[in-house]
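Read through the structure below, which is laid out as structure tokens, and then see the notes.
Everything quoted here is computed from the prediction, not taken from an experiment.
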Amino acid sequence: MNLRNIAIIAHVDHGKTTMIDRLLAQSGAFRDNQKVAERAMDSNDLERERGITILAKVTSLVWKDTRINIVDTPGHADFGGEVERILNMVDGAVLLVDAAEGPMPQTKFVLQKALKIGLKPIVAINKIDRPDQRHVEVVNEVFDLFAALDASDEQLDFPILYGSAKQGWMAEKPEGPQESMAPLFDMVVRHVAPPVVEEGPFRMLVTTIEANPFLGRVLTGRVRSGSVKANQPVKALARDGKLVEQGRISKVLAFRGLERQPVDEVQAGDIVAIAGLTQATVADTITDPALSEPIAAQPIDPPTLTMAFRINDGPLAGKEGDKVQSRVIRERLFREAEGNVALRVSASATETDAFEVAGRGELQLGILIETMRREGFELTVGRPRVVFRTDEATGQRLEPIEEVTVDVDENYTGIVVQKLSERRAEMKDMRPSGTGRQRIVFHAPTRGLIGYQSELLSDSRGTAIMNRIFHSYAPHVGEIPGRHTGALISNGDGEAVAYAIFNLQDRGPMFIDPGTKVYAGMIIGEHTRGNDLELNVLKGKKLTNVRAAGKDDAVLLTPPIRMTLEKALAYVGEDELVEVTPQSIRLRKTLLDPHERKRASRAKEAESAA
């Protein structure tokens, strides 16, 4: 059977997963009476809740006499590590672009990787049914983007299709015919080359890994040469050619629709999942025992943010989760780092029960914490910090700079430019993006962007969209102002009382409801001034037999600020932690004892004065 391997690449929310739903349905991959969930490829609970793709996944369908293996890639820059590896498995790509938004930062990131390894993308202009679509300008913007990324003449001569994945059609003209996805299938078969098969025995580069409770490690990749069948002896080689392990393949799984089915044998060129090895990981080469040369693997972009993961040592530890020991947290983090090559985990140099986890961005680390929390873990995490480097030639301190694109209504451009300038961002471009909106591009230090998302939404009344992507390392830009408000801290252990909260409301907005369990050192609200303030939220009303007018007024409480995990990570300061349990997210001071906090702040002042 003829084979084609393609990846569908696009910016987040431009419709990749919806498009794959339509391709699967129209190719006959589902039975007529089969019930299929919307966005069938987003199988993970978090993916469904947030409407984003986090893990790259493979599906396969048959069109006429050709089997097409399709890889759905994440559209968010934080999961770019997945995209870089996936592109090694495919021979072509469909670049999906929103007909109204046009090419966005992540489009540029993924396209750059695809062009670099020589893929010739097909451009699909999606969401042509939107009332604000502007397909002519978008095609010109895509061409400019290809040219800016040094595309070859062959790559610049890309075919274009127009359509609406939601309505289930693609065509060579914007107006239609609005019938089916057949033009896209035919274009893939015509434009994408069949997989190149190398001579020699079995070789495969591992691109993704997952743990299966029945099969153990399942390694997915494309067979470069030879064939693979169950019970075949193989060995795994690291990127530098060192032997990782030797073993036998227990099962060979081929992708058929949304399922993985056991097969007897898979030939070179096909994408396959194999089980049976216990140590091989991503970027390793699985090969015939006779060979000793690994397949060259793409180096992964380095992590830019790091966060300290610690045990939960607060007074409420162990009340809600069952996985609280540092040994269990350590095992879970190292298991995550095995399958996710964009993460790096190491033991902390300063604390015994803490681990430094470095990743691509706040979202990637936030997803990891949320996943652990759902698995029953309790832990505390510190504020995200950037990973600095030193320039070997000059000895200068370097920090990560990101390219930030903000789409915002014209009324709010002034406040956005002002706030980002305060955070040491440089404006690079500003242009209208249709219907009274502006697109502003900045180069901003990653440090300055931590916690900015929620501020941007409140400044723009929820109308702004911010996209960011790693740009480069550049010299340190100096101090960036942090949070300008202090914290309201509980001075006792117990349950918060409505009467006490009512009398303390003028000190600042609260994070807790009446009845919430609190402890000494826990942050219960935001002080309106710059200093921290300790409060007693446990104090009830004294009951006496004296009655007077106005004595028993109704207690009217302002609704508290609800702290989500992302908000909490962005909010905490250097001396604060986020306590994460399966049921709660609390903020606390690192040092719970007020005397220890005073001592630490005095020591810090003395250090800065020296």
Side-chain angles (χ1 to χ4, degrees), residues 12-13 42 44-56 74-83 105-106 301-310 312 320-321 323 329 332-333 335-337 339-345 354-387 400 402 404 446-457 465-470 483 511 523 561-574 576-588:
V12 66
D13 265 351
D42 284 350
N44 176 320
D45 286 348
L46 275 172
E47 291 181 318
R48 292 200 158 283
E49 282 170 32
R50 292 170 185 244
I52 58 172
T53 302
I54 296 169
L55 304 167
H76 207 286
D78 282 21
F79 309 108
E82 291 273 324
V83 180
Q106 185 66 15
D301 283 356
T304 54
L305 270 187
T306 179
M307 214 185 257
F309 281 54
R310 306 165 68 254
N312 183 8
E320 295 171 9
K323 297 181 179 128
I329 294 170
R332 176 68 181 83
L333 290 174
R335 195 168 74 241
E336 183 71 27
N340 189 342
V341 289
L343 274 187
R344 288 193 197 149
V345 180
F355 307 93
E356 291 291 332
V357 181
R360 282 283 180 85
E362 290 161 88
L363 180 66
Q364 187 192 21
L365 295 170
I367 293 280
L368 170 60
I369 297 166
E370 182 63 43
T371 309
M372 288 176 69
R373 173 188 181 203
R374 292 180 181 206
E375 290 169 6
F377 282 87
E378 278 197 22
L379 61 155
T380 55
V381 289
R383 179 178 170 78
R385 304 182 311 282
V386 301
V387 178
E402 297 191 27
V404 182
T446 305
R447 276 184 307 144
L449 296 171
I450 295 171
Y452 177 62
Q453 177 77 35
S454 55
E455 204 173 307
L456 172 71
L457 289 174
I465 300 167
M466 178 171 83
N467 289 289
R468 35 195 283 207
I469 188 161
F470 175 72
R483 195 174 86 207
F511 299 155
I523 298 170
I561 296 172
R562 301 277 173 219
M563 276 293 174
T564 60
L565 180 61
E566 272 81 13
K567 258 194 194 172
L569 291 174
Y571 182 83
V572 287
E574 291 296 327
E576 295 163 358
L577 296 171
V578 182
E579 182 182 325
V580 182
T581 72
Q583 291 163 36
S584 319
I585 288 167
R586 305 183 186 99
L587 293 134
R588 53 164 276 196

Glu402: partners by salt bridge (charged side-chain N to carboxylate O under 4.0 Å, His left out), with sequence neighbours left out: Arg468

Report the residues that fulfil salt bridge (charged side-chain N to carboxylate O under 4.0 Å, His left out) with Arg586, sequence neighbours left out, ordered by chain and then residue number. Glu320, Glu579

Contact check, side chains of Val578 and Ile369, non-hydrogen atoms, under 4.5 Å: no

Quick one: list whatever passes ring-ring contact (aromatic ring centres under 6.0 Å, His included) with Tyr571, sequence neighbours left out. Phe511

Run the side chain to side chain contact (heavy atoms under 4.5 Å, CB included) test against Arg447 and tell me which residues pass, sequence neighbours left out. Val386, Phe388, Glu399, His476, Val477, Ile480

Which residues satisfy the side chain to side chain contact (heavy atoms under 4.5 Å, CB included) test with Arg373, sequence neighbours excluded? Glu370, Val580, Ile585

Looking at Val572, is its backbone amide N or carbonyl O close enough to the side chain of Arg383 to form a donor-acceptor pair, meaning the two atoms are under 3.5 Å apart? yes

Approximate separation, where rounding is to 0.5 Å, of [X] [atom1] and [Y] [atom2]:
{"X": "Arg344", "Y": "Glu356", "atom1": "CZ", "atom2": "CD", "value": "13.5 Å"}
{"X": "Leu569", "Y": "Ile450", "atom1": "CG", "atom2": "CD1", "value": "10.0 Å"}
{"X": "Leu379", "Y": "Lys323", "atom1": "CG", "atom2": "NZ", "value": "12.0 Å"}
{"X": "Leu368", "Y": "Phe377", "atom1": "CG", "atom2": "CZ", "value": "9.5 Å"}
{"X": "Glu566", "Y": "Leu365", "atom1": "CD", "atom2": "CG", "value": "10.5 Å"}

Using the side chain to side chain donor-acceptor pair (under 3.5 Å) criterion, which residues pair with Thr304? Sequence neighbours excluded. none

Residues forming a side chain to side chain donor-acceptor pair (under 3.5 Å) with Arg332, sequence neighbours excluded: Glu336, Glu375

